[in-house]
Amino acid sequence: MDFIEELRWRGMVHDLTPGIEKVLKNPGCSGYIGFDPTADSLHIGSLVQIMTLVHFQRAGHKPIALLGGATGMVGDPSGKSQERNLLDFDTLNKNVEGVRKQLTNFLQFSGSNSAEIVNNYDWLNTISFLDFIRDVGKHITINYMLAKDSVKSRLEHGMSFTEFSYQLVQGYDFYHLNRQKNCVIQMGGSDQWGNIVTGTELIRRKSGKEAYALTTPLIKKTDGGKFGKTEEGNIWLSKDRTSPYKFYQYWLNASDEDVASYLKIFTLFNQKEIAELIRQHEEVPHMRLAQKTLAADVTKRVHGVDELTNVLLASEILFGKATFETLNALSEETFLQVFEGVPQAQISQDLLKKGIPIIDLLVSESRFLTSNGEARREIKANAITINKTRIDEQFVLTAKHLLNERYVLIGKGKKNNFIAVFN
RNA sequence: GGGGAGAUACUCAAGCGGCCAACGAGGACAGACUGUAAAUCUGUUGGUUCAUACCUUCGCAGGUUCGAAUCCUGCUCUCCCCA
């Protein structure tokens, strides 16, 4: 499998430096992608870069994931319109470890082209400022640096020397990896182009060697929204930040327009398989085959097969035609696993003796809805379900409605679910 | 420093003494139709109660008035023009 060809048909190539194809023809090259430790988890935007490394490795090359333990202390100005606050050392360390742990799930760390994870803090922290400006700064002109988009766009509103220096620091990483590990290619998102070619330039000037750059396009949604974002925020890879259920649902809700390109980027199905899948999907679009395949594949890769099983069951129950009987048939353990990630509230079981009027249940007891008025409106609009059954304002909850003698599933509309736990 | 304009609910934006919980648009939520899609149509969008009753809200603090988001005074902030 040819790496560049593979990325090409997947729509994962935005730009590349000439000559790269020839170099990568022979397996065993080293290439790297940097990951910023801005949080203790990556989000699904980074998944593009992860997949790029996965393809790189599958093509027989050696992928290196670089953790920006040092560059994270400087702050990459690319794509940012404002100067950011610096992260403190402890936070950064915690983030580096979190991201490192995640990355290990995706790559192979054995074999002749085993993956490697490095932290640029390990080599940058020992370099003195004087050494750096003499050994590195001397090779790159200010004019060259100023021409970069990441700098140009900031000239009017200001930019600290710290962020201005960023491209040199990242460039040095590339140089370092080139020298130490014979790393000849750096990849990244399209916003990284400027930083990457500063690196290739530095390598050329300092060692007279050729190094290469490849960037992936920014992922867009056809409706104009930002990929990987919802009302509640980013979709993260960490289950503590985004529950596997929400994660699965995000992919499942991909639009017909986007799903083909997502399949190409985020799954390892080959060209023929994806074409066939899309063909089937278009025949029976309401089955949502493409979305289901996408969501299952990505969820499995990120969260593992056990989580996927739970999430599939949860989705089927919440969106399928579940009844009180089917819900009640779940064992308590399954029930809890399945609905992990669905918001919950604890309510005292004593209240059930008298019965809980629906309005109280929705508002004061569970805080599912914020005001009685809202609760009345939603009930009038026919939006509220208890254990998948529509109810009216007269409804009073009693012990006979409990699932597994403890739980009640409350729904608002099609997509909002809530679980009341009675203790 | 001089002159002018403005601050209204999630956002934009009307209102300029009572009919204002406040037009309209967007967004959001829900219902119908569907495929947990898109488009479309409908409803809702401060709170309590459901009843054109009450409470809280129109930058902040006071004041005038039977009554103010609307008038007056002071304060804070934003924008524009001239130096």
Side-chain angles (χ1 to χ4, degrees), chain A residues 44 157 219-233 235 242-263 266 274 277-299 308 310-323 326-327 338-343 356-396 409-419:
Chain A
I44 61 175
H157 293 289
I219 301 191
K220 297 186 288 277
K221 293 206 299 182
T222 39
D223 68 4
K226 276 213 176 90
F227 171 77
K229 287 237 163 133
T230 65
E231 281 298 309
E232 293 101 65
I235 303 291
T242 301
S243 70
Y245 169 73
K246 282 227 174 78
F247 185 86
Y248 176 84
Q249 287 288 325
Y250 181 81
W251 296 100
L252 188 68
N253 281 309
S255 71
D256 288 4
E257 289 79 19
D258 291 327
V259 73
S261 73
Y262 290 179
L263 280 165
F266 297 106
I274 291 178
L277 189 59
I278 294 299
R279 194 190 60 72
Q280 285 179 27
H281 171 74
E282 280 165 359
E283 248 169 47
V284 278
H286 60 279
M287 297 305 290
R288 305 161 63 78
L289 261 174
Q291 282 90 342
K292 280 181 181 165
T293 311
L294 171 72
D297 190 81
V298 181
T299 305
L308 174 63
N310 288 335
V311 149
L312 284 175
L313 193 54
S315 297
E316 188 169 325
I317 289 168
L318 292 176
F319 292 102
K321 41 192 179 318
T323 61
T326 53
L327 284 170
V338 160
F339 294 118
E340 190 191 10
V342 175
I356 307 175
I358 183 62
I359 304 275
D360 292 349
L361 175 67
L362 292 172
V363 186
S364 51
E365 297 305 334
S366 69
R367 317 297 284 147
F368 179 37
L369 303 181
T370 53
S371 75
N372 294 354
E374 185 189 1
R376 284 203 185 81
R377 280 197 298 273
E378 299 294 2
I379 292 170
K380 270 192 191 125
N382 232 351
I384 302 296
T385 59
I386 295 293
N387 297 332
K388 305 293 283 179
T389 308
R390 285 198 198 284
I391 48 83
D392 60 22
E393 209 173 323
Q394 280 15 283
F395 180 87
V396 176
L409 179 63
I410 309 174
K412 176 173 83 91
K414 279 180 194 156
K415 296 191 181 179
N416 301 291
N417 293 288
F418 190 92
I419 290 172

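Not measured: the values here are computed from a predicted model. Residue numbers start from 1 in every chain, and the chains themselves are labelled A, B, ... in the order their sequence lines are given, proteins ahead of strands.
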Quick one: A:Phe319 CZ to B:rA37 C1', roughly how many Å, whole number? 13 Å
Using atom P of each nucleotide, how far apart are B:rU76 and B:rC60 to the nearest Å? 15 Å
In Watson-Crick or G-U wobble terms, with both distances under 3.5 Å, the base opposite B:rA13 is none
In whole angstrom, give me the gap between the P atoms of B:rU11 and B:rG62. 25 Å
Are the side chain of A:Tyr250 and the backbone of A:Gly228 linked by a donor-acceptor contact shorter than 3.5 Å? yes
B:rC79 -> Watson-Crick or G-U wobble partner, both distances under 3.5 Å, gives B:rG4
Hey, does the side chain of A:Arg376 come within less than 4.0 Å of B:rC50's phosphate (OP1/OP2), counting only N and O? yes
Could you measure between the two C1' atoms, the one in B:rA69 and the one in B:rC23, and give it in whole Å? 14 Å
How about A:Ile410 and A:Ile386: do any of their side-chain heavy atoms sit closer than 4.5 Å? yes
Separation of the P atoms in B:rU52 and B:rU65, to the nearest angstrom: 34 Å
Distance, P atom - from B:rU78 to B:rC72, rounded to whole angstrom: 24 Å
Looking for any heavy atom pair under 4.0 Å, which part of the strands does A:Glu257 touch: base, sugar-phosphate only, or nothing? nothing
Does a nitrogen or oxygen in the side chain of A:Lys415 sit under 4.0 Å from OP1 or OP2 of B:rA37? yes
Please state how far atom CZ in A:Arg377 lies from atom C1' in B:rU42, giving the value in whole angstrom units. 16 Å
I'd like to know if the side chain of A:Asp258 reaches the main chain of A:Ala254, judged simply by a donor and an acceptor atom lying under 3.5 Å from each other, with no hydrogens or angles considered. no
Could you check if a side-chain atom of A:Tyr245 sits within less than 4.5 angstrom of a side-chain atom of A:Asn417, using non-hydrogen atoms only? yes
Strictly below 4.0 Å: does A:Asn372 bring a side-chain N or O up to OP1 or OP2 of B:rG47? no
To the nearest Å, how far apart are A:Arg390 CZ and B:rA30 C1'? 10 Å
Output yes when a side-chain donor or acceptor of A:Glu365 lies under 3.5 Å from a complementary backbone atom of A:Asp360, and no otherwise. no
Quote, to the nearest angstrom, the P distance that separates B:rA38 from B:rG31. 14 Å
Any side-chain N or O of A:Ser255 below 4.0 angstrom from OP1/OP2 of B:rA38? no
How many Å lie between CD1 on A:Ile379 and P on B:rU44, as a whole number? 17 Å
Backbone of A:Gln249 reached by a side-chain donor or acceptor of A:Asn253 within 3.5 Å: yes
Whole-Å distance separating the CG atom of A:Asn417 from the P atom of B:rA30: 11 Å
Below the 4.0 Å mark, does B:rA30 have OP1 or OP2 next to a side-chain nitrogen or oxygen of A:Asn416? yes
Euclidean distance for P, B:rC75 against B:rG2 (whole angstrom): 14 Å
Within the 4.0 Å heavy-atom criterion, would you say A:Asn382 contacts the bases, only the backbone, or no part of the nucleic acid? sugar-phosphate
Starting from P on B:rA30, measure out to CD on A:Glu378 and report it in whole angstrom. 7 Å
Complementary nucleotide for B:rG27 - Watson-Crick or wobble, under 3.5 Å: B:rU45
Considering only atom P, compute the distance from B:rA61 to B:rA9 and round it to an integer number of Å. 15 Å
Between B:rU36 (C1') and A:Lys246 (NZ): distance, integer Å: 15 Å
